[in-house]
Amino acid sequence: MRRLALIATAAALCAGLTGFAALEHTSPAPLPSWASAPAADAAHTPTSIGNVIGRLQVRLRRQPADAASWAQLGSAYVEQARLAVDPTLYPKAETALRRSLELRPDTNTVAQTGMAGLANARHQFIQARTWADQAVTGNPYAWAAYGALADALTQLGDDQGAEAAVQRMLDLHPSTASFTRAAYILELQGRTEEAAQALRRGLEDASNPADEAFCQHYLGELAFNTGATTPALQRYRKALALDPSFTAALAGAARAEAALGQSDRAVTDYRTAISRVPQPQYVLELGELLESLGRPTEARAQYLVLEAEQKLFAINGVVDDLNLGQYQADHGNPRLAVTLLTAEWGRRRSVLVADALSWALHRAGQDAQALPLAREANRLGWRDATVRYHRGVIEQSLGDDQPARTDLAGALAANPVFSPLHAPDARARLARLEGQQ
């Protein structure tokens, strides 16, 4: 597999060398379980996307046979669903996109790209790949379609294909969307400084405050994931200053505040974020924070909200066995988690699923089966603390004390505050292992 090599200078980037070059064959790269892929277009606010939808609805009442407007409306519904975490919009999106395809069945790149985005949102990644392939076959210059293709291939574990799609996207349209995707892949390969460089390049190219906030938020995510908690909080707050409606940055600030011991403020900010956008990730993080603070009743209330959300997603066509399995492994029924994640592994061999399934197997008492998957989850060199922690715990359970020490220490070195529940456990385990030396 090629390795992405971000070219260092902005001058080279502007000259058309969009940031990556082929190097030697090496192994693939994992994805953070909490991370969602960057949006294919410029960042939107709830107000701006609502305005777009309103204008398109007016146009379609006047021109109901306008295939392009139906395609744009369907894609706008997908974006609105993402921003509001409202899966009930997905059927409306599909209706609009399929209407466009009925009106223009041939070379309808916008509708095909929209269908790929919808399938990605529903975690139907094989269908997303098919739609995106159709889009780029019909129009090899459709840069947004390469973004949807990269998202699908990443989730399917086709790391080389995803990398090629991001490279093509960069070649065609170096922008916030393409640079943030490039940063995502670089982070997965453990190349965090190059990832930050790509995000800074995206920030330079940002054309509006929402795009700037988007890049500041991802710089905050990268900083937090590498243990730079105070700089991460500063980035999140810069994002909020640019776009006060950017709920992901508010949840990021809450995560950083919790890590810095500002628990009351973190709980408040999490609750505000969830009241705006009930993203399952935020609900789970608040539940785990409350659990770590010795507030189990409040934590359980958040977990019940999460379970209800998973049911709503399923009703609206979202296949979410990965997130549901991860939740069940830590807070529910580990055996159910193994069942869910084994099925997910059958659908896609991504490092995310490998990590989640290995942890579920450990939680279900099947450490011998878990260890090969834990190793698979780190096949790309990603410096993720949670992945290292999972592998270290599995190794310790199997009596492999030296590898366990290495991985637990590595997790804490990568990010000493990676989880309010698991980081303290990692420290306690490592102390016991070192005491046995």
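Numbers here simply count residues along the sequence, with the first being 1.
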- Glu376 meets the side-chain contact (heavy atoms from CB on, under 4.5 Å) criterion, sequence neighbours left out, with Trp345, Ala354, Arg379
- Going from OH on Tyr141 to CZ on Arg168, what distance comes out if it is rounded to the nearest 0.5 angstrom? 6.5 Å
- Item | Residue pair Glu187, Leu222: steps toward the side chain to side chain contact (heavy atoms under 4.5 Å, CB included) verdict | CA-CA 8 Å; Glu187 182 184 6; Leu222 185 61; 3.6 Å; yes
- Can you name the nearest heavy-atom pair linking Arg276 to Pro244, along with the distance? NH1-O, 3.1 Å
- Query: Is there a side-chain contact between Thr226 and Arg383, using heavy atoms and a 4.5 Å cut-off?
  - Reply: no
- Apply salt bridge (Lys or Arg N to Asp or Glu O under 4.0 Å) to the pair Glu194 and Arg201, showing each step before the final yes or no. CA-CA 10 Å; Glu194 291 167 277; Arg201 185 65 178 90; over 6 Å; no
- Message: salt bridge (Lys or Arg N to Asp or Glu O under 4.0 Å), that's the test. Do Arg348 and Glu344 meet it? Break it down for me.
- Response: CA-CA 6 Å; Arg348 52 179 174 133; Glu344 192 71 12; 2.6 Å; yes
- CH2 on Trp131 to CD1 on Ile126, rounded to 0.5 Å: 15.5 Å
- Query: Given side chains that start at C-beta, do those of Asp151 and Arg181 come closer than 4.5 Å, heavy atoms only?
  - Reply: yes
- Note on the structure: For residues 102-128, the ring pair (Phe, Tyr, Trp, His ring centres under 6.0 Å) pairs (sequence neighbours left out) are His123-Phe125
- Query: Does the side chain of His362 come within less than 4.5 Å of Val393's, by heavy atoms?
  - Reply: yes
- Query: Under 3.5 Å, side chain of Tyr146 to main-chain N/O of Pro140, donor-acceptor pair present?
  - Reply: yes
- Query: Can Glu193 and Arg200 be said to form a salt bridge (Lys or Arg N to Asp or Glu O under 4.0 Å), step by step?
  - Reply: CA-CA 10 Å; Glu193 180 48 46; Arg200 289 192 291 268; 2.7 Å; yes
- Query: Just how far is it from atom CZ of Phe418 to atom OG1 of Thr386, taken to the nearest 0.5 Å?
  - Reply: 5.5 Å
- With under 30° as parallel and over 60° as perpendicular, where do the rings of His422 and Trp359 fit, or are they tilted in between? perpendicular
- Worked verdict on Asp384 versus Asn225 for side chain to side chain contact (heavy atoms under 4.5 Å, CB included): CA-CA 7 Å; Asp384 181 69; Asn225 294 343; 5.5 Å; no
- Ile53 side chain near Leu73 side chain, heavy-atom distance below 4.5 Å: yes
- Note on the structure: Output for pair (Asp264 CG, Gln262 CD), nearest 0.5 Å, gives 10.0 Å
- Pick from Ser207, Pro209, Cys215: which one makes a side chain to side chain contact (heavy atoms under 4.5 Å, CB included) with Asp211? Ser207
- Task: Just say parallel, tilted or perpendicular for the rings of Phe246 and Phe214, cut-offs at 30° and 60°.
- Result: parallel
- Would you please test Tyr270 and Gln302 for side-chain hydrogen bond (donor to acceptor under 3.5 Å, both in side chains) and show each step? CA-CA 11 Å; Tyr270 268 129; Gln302 296 303 316; over 6 Å; no
- Within a strict 4.5 Å, meaning less than it, do heavy atoms of the Arg129 and Leu149 side chains meet? yes
- Closest non-hydrogen atoms of Ala145 and Ala132, given as atom of the first, atom of the second and distance, are O-CB, 3.9 Å
- Message: For Arg335, I'd like to know if atom CZ has over 12 heavy atoms of other residues, nucleotides or ligands within 6.0 Å.
- Response: no
- Query: Hey, are the side chains of Ile394 and Ser358 touching, using non-hydrogen atoms and a 4.5 Å cut-off?
  - Reply: yes
Side-chain polar contacts of residues 90-98 - donor-acceptor pairs under 3.5 angstrom, sequence neighbours left out - could you list them?
residue, atom, partner, partner atom, Å
Glu94, OE1, Arg122, NH1, 2.7
Glu94, OE2, Arg98, NE, 2.9
Glu94, OE2, Arg98, NH2, 3.4
Thr95, OG1, Pro91, O, 3.0

- Message: Would you say that Tyr236 contacts His217 through its side chain, given a criterion of any heavy-atom pair below 4.5 Å between the two side chains?
- Response: yes
- Note on the structure: In short, Thr109 meets Ala142 closest at the heavy-atom pair CG2-CB, 3.5 Å
- Task: Without swapping roles, check the side chain of Ser178 against the backbone of Ser175 for a donor-acceptor pair under 3.5 Å.
- Result: yes
- Shortest non-hydrogen pair, Ala266 vs Leu289, comes out as CB-CD2, 3.9 Å
- Message: For a side chain to side chain contact (heavy atoms under 4.5 Å, CB included) check, start with the C-alpha distance between Phe179 and Leu199, then their side-chain angles and the critical distance, and finish with the verdict.
- Response: CA-CA 6 Å; Phe179 280 114; Leu199 288 170; over 6 Å; no
- Task: Step by step, work out the side-chain hydrogen bond (donor to acceptor under 3.5 Å, both in side chains) result for Gln167 and Asp171.
- Result: CA-CA 6 Å; Gln167 175 65 65; Asp171 292 341; 2.8 Å; yes
- Step-by-step side chain to side chain contact (heavy atoms under 4.5 Å, CB included) determination, Val353 to Gln155: CA-CA 9 Å; Val353 183; Gln155 294 297 327; over 6 Å; no
- Smallest heavy-atom separation, Leu357 atom then Thr342 atom, equals CD1-OG1, 3.7 Å
- Item | Gap separating the CZ atom of Arg235 from the OG1 atom of Thr230, nearest 0.5 angstrom | 13.5 Å
- Query: Are Leu421 and His331 close enough that some pair of their side-chain heavy atoms sits under 4.5 Å apart?
  - Reply: yes
- Query: How close do Ala67 and Ser100 get, heavy atom to heavy atom, and via which atoms?
  - Reply: O-OG, 2.7 Å
- Approximate separation, where rounding is to 0.5 Å, of Asn415 CG and Tyr389 OH: 14.0 Å
